[in-house]
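Inspection log for the structure reproduced underneath, given as structure tokens.
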Number of protein chains: 2
Amino acid sequence: MTDSRQPTLEEVARLAGVGRGTASRVVNGSEHVSPHTRDAVERAVRELGYVPNQAARALRTRRTDTVALVIAEDEERVFAEPFFAGLVRGISRAVDATSRRLVLSMVPDESHLDRLGQFLTPQHVDGVMVVSMHDALSLPESPDLPIVHVGRPRDAGACYVDVDNLGGARQAVDHIIGRGRQRIACITGPQDLASGRDRLEGYREALAAAGLPFEERLVEAGDFSDASGVRGTAALVERCPDLDAIFAANDVMALGAMRELARRGLRVPEDVAVVGFDGSPAAAASTPVLTTVHQPLAELGTTAVEVLAHRIDDPGAEVRSVVLPAELRAGESA
Amino acid sequence: MTDSRQPTLEEVARLAGVGRGTASRVVNGSEHVSPHTRDAVERAVRELGYVPNQAARALRTRRTDTVALVIAEDEERVFAEPFFAGLVRGISRAVDATSRRLVLSMVPDESHLDRLGQFLTPQHVDGVMVVSMHDALSLPESPDLPIVHVGRPRDAGACYVDVDNLGGARQAVDHIIGRGRQRIACITGPQDLASGRDRLEGYREALAAAGLPFEERLVEAGDFSDASGVRGTAALVERCPDLDAIFAANDVMALGAMRELARRGLRVPEDVAVVGFDGSPAAAASTPVLTTVHQPLAELGTTAVEVLAHRIDDPGAEVRSVVLPAELRAGESA
DNA sequence: TTGTAGGCGTTATCAG
DNA sequence: CTGATAACGCCTACAA
């Protein structure tokens, strides 16, 4: 009873009483086919459980209907950083809504770049999305292969989608200033990352715009990790006991900061207001007193997929990057 | 200068001054080719930067050199549960060492099963690894497609790799008994999961072997989440103030238990010993007083890949499942 | 050991 | 609107 072999287009055509070409047209949704014929073919397709042979199609069309998401990070961190969960979810969903498939590649270290380079060719994928936490790692780009970076890359000419890190950070700091805070500290993100740099810059700009001085002693270097949030807070509080607010470049650090403040008997937000730049909505939800700048990760993913699709379907088009606005979400305010 | 198109085997053959067939044999590492010719072809391959066209090869050989890892879980949980990080890492590494590629698919809900079913065919992949947290979800299996389950599935005849949940749990409880504890409580895992059931069974067996009674009131149902660890502990302590140990079916719950115990002024391990079944080595490391049964996730992944490769390369072979031993890691003891 | 040729399942072109 | 008919790039008998 089981034929074991998948049915071919030839068999569909035969069963429908049409030629192979016509069957192909129906399967590919061509306009130029009579309703009657279309119907017959579609019935045959269903009856036989026909599914197009991907290999044959790819061989013929030189398209793979596959896009890659390259995460230039070790699995460990990929799973640890809430940032990736949201992003992958968004991208995954968006690609699902497409006729394309998504393959996920993590690149733990440079030794894997060769293998990856062989894979990232028009022969295997139609396009690539790259999210890298380090500016450093540059992967072997195949010409003729559309690439969209998630997060602004070092290469200024490259196509990317990103959240408005600068504007978001400025909003965050504006907000605390508006609540009457004057001595606002900052725990930065890694400075080899555009997001890290931009969020620090936003902090500066907000201070400047309000006529507040930028003070080195109110700034601590962090790396987006919980530990660095704790460490930075400890250092800041010891150095400037009179600070009345902390802007952390992401929520993970902000939460670390809140724990450390609590440990020292300082109350949030009464004594010290805290605002973070959001990597995950969950963090904000779990601590209503935390005001955060919401980073729309899912939307970022969706956008990345859209932009990539656009570049794939219309190779001649101009390269357009997209920057999404970041949105302030005030918790119990300070 | 750039040819833009990838070179074909034909061109390699021409440059090497041999026939297409011979070039193919060299590329595929056939024995029957003279060292001289082989050398010429290899040089041509390098010079042209030839890389075999996957589609053409797949079309011809009916093999894809691709294996799928299906995680029957929402992205959210996949990234939240430390279990998956270790597993994916192990599998990823193991596949990398192969000539095959890995594609990762998460299945948030049943609505995605159709799409997945279309993908999980010999036409797209050579084999599949499935890790599911629920017994319920059964994916549409394509005949002729080797499947290896990670974690014992409901279907008893299926091929799987797993950790010795029962033995591990028994070891854990044995260990606390050996340290003189008498009233040992258990926070179980979800009972619709083999791992959950087996670990509870191990707990029973250890008690029985030691002549200790199994008491319902010493058992609380958990679901592997931190919250359920906290909740279960609270319930247990209130119900049985005299308990002197807790066995939690995973580390996440064990850590939750420890927090709850601390909150109630109970000391670990002086007042109450805690031992967990380990999803992630990190948990054990972060709390030296926690004794855990180590679940070798990376090795589990490696084994899954090996078993799958075996089944792919030797389709006639008997289906053999593998159960890995679990290893006790004693923290500062009770 | 090596070359030649047929065909894997599709799509695209080109007549009808 | 439809049906033949070439490729797409590769592997693998088969013949030399």
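Labels below follow one simple rule: chain letters A, B, ... track the order of the sequence lines, proteins then strands, and each chain is numbered from 1.
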On the nucleotide D:dC1, are OP1 or OP2 found under 4.0 Å from the side-chain N or O atoms that A:Ser34 carries? no
Exactly one of A:Leu87, A:Val107, A:Val150, A:Val131 clears side chain to side chain contact (heavy atoms under 4.5 Å, CB included) with A:Ile71, and that residue is A:Val131
Are A:Thr37 and D:dT2 close enough that a side-chain N or O sits under 4.0 Å from OP1 or OP2? yes
Specify the separation, in whole Å, of atom CG of A:Leu9 and atom P of C:dT10. 5 Å
Which residue lies toward the 5' end of DNA chain D, B:Asn53 or A:Arg60, if each is placed at its nearest nucleotide? A:Arg60
Determine the contact category for B:Thr61: base if any of its heavy atoms lies under 4.0 Å from a base atom, sugar-phosphate if only primed atoms, P, OP1 or OP2 are that close, otherwise nothing. sugar-phosphate
Calculate the interatomic distance between B:Arg62 atom CZ and C:dT10 atom C1'; express it in whole Å. 13 Å
Nearest whole angstrom, please: distance from the P of D:dC10 to the OH of B:Tyr50. 4 Å
It should be established whether A:Thr8 places a side-chain nitrogen or oxygen under 4.0 Å from OP1 or OP2 of nucleotide C:dG9. no
Distance-only, no hydrogens or angles: does the B:Arg38 side chain make a donor-acceptor pair with backbone N or O of B:Ser30 under 3.5 Å? yes
Counting any heavy atom closer than 4.0 Å, what does A:Val18 reach on the DNA or RNA strands: base, sugar-phosphate only, or nothing? sugar-phosphate
Look at the side chain of B:Arg152 and the backbone N and O of B:Tyr160, then say whether any donor-acceptor pair between them is shorter than 3.5 Å. no
How close or far is atom P of C:dT13 from atom CG of A:Asn28, stated in whole angstroms? 13 Å
Is the closest basic N to carboxylate O distance between B:Asp313 and B:Arg100 below 4.0 Å? yes
To the nearest angstrom, the CD-P distance between A:Gln6 and C:dG9 comes to 11 Å
Regarding B:Leu59, tell me which of base, sugar-phosphate or nothing describes its non-hydrogen contacts under 4.0 Å with the strands shown. base
d(CD, A:Glu10; C1', D:dG3) in whole Å: 12 Å
Euclidean distance, atom CZ of residue A:Arg63 to atom P of C:dT11 [Å, nearest integer]: 10 Å
5' precedence on DNA chain D between B:Gln54 and B:Arg25 (nearest-nucleotide basis): B:Gln54
Closest heavy-atom contact between A:Thr8 and A:Tyr50? C-CE1, 3.7 Å
Looking at D:dA4, does its base get a donor-acceptor pair with the side chain of A:Arg20 below 3.5 Å? no
Between C1' of D:dT12 and CZ of B:Arg57, the distance in whole Å: 13 Å
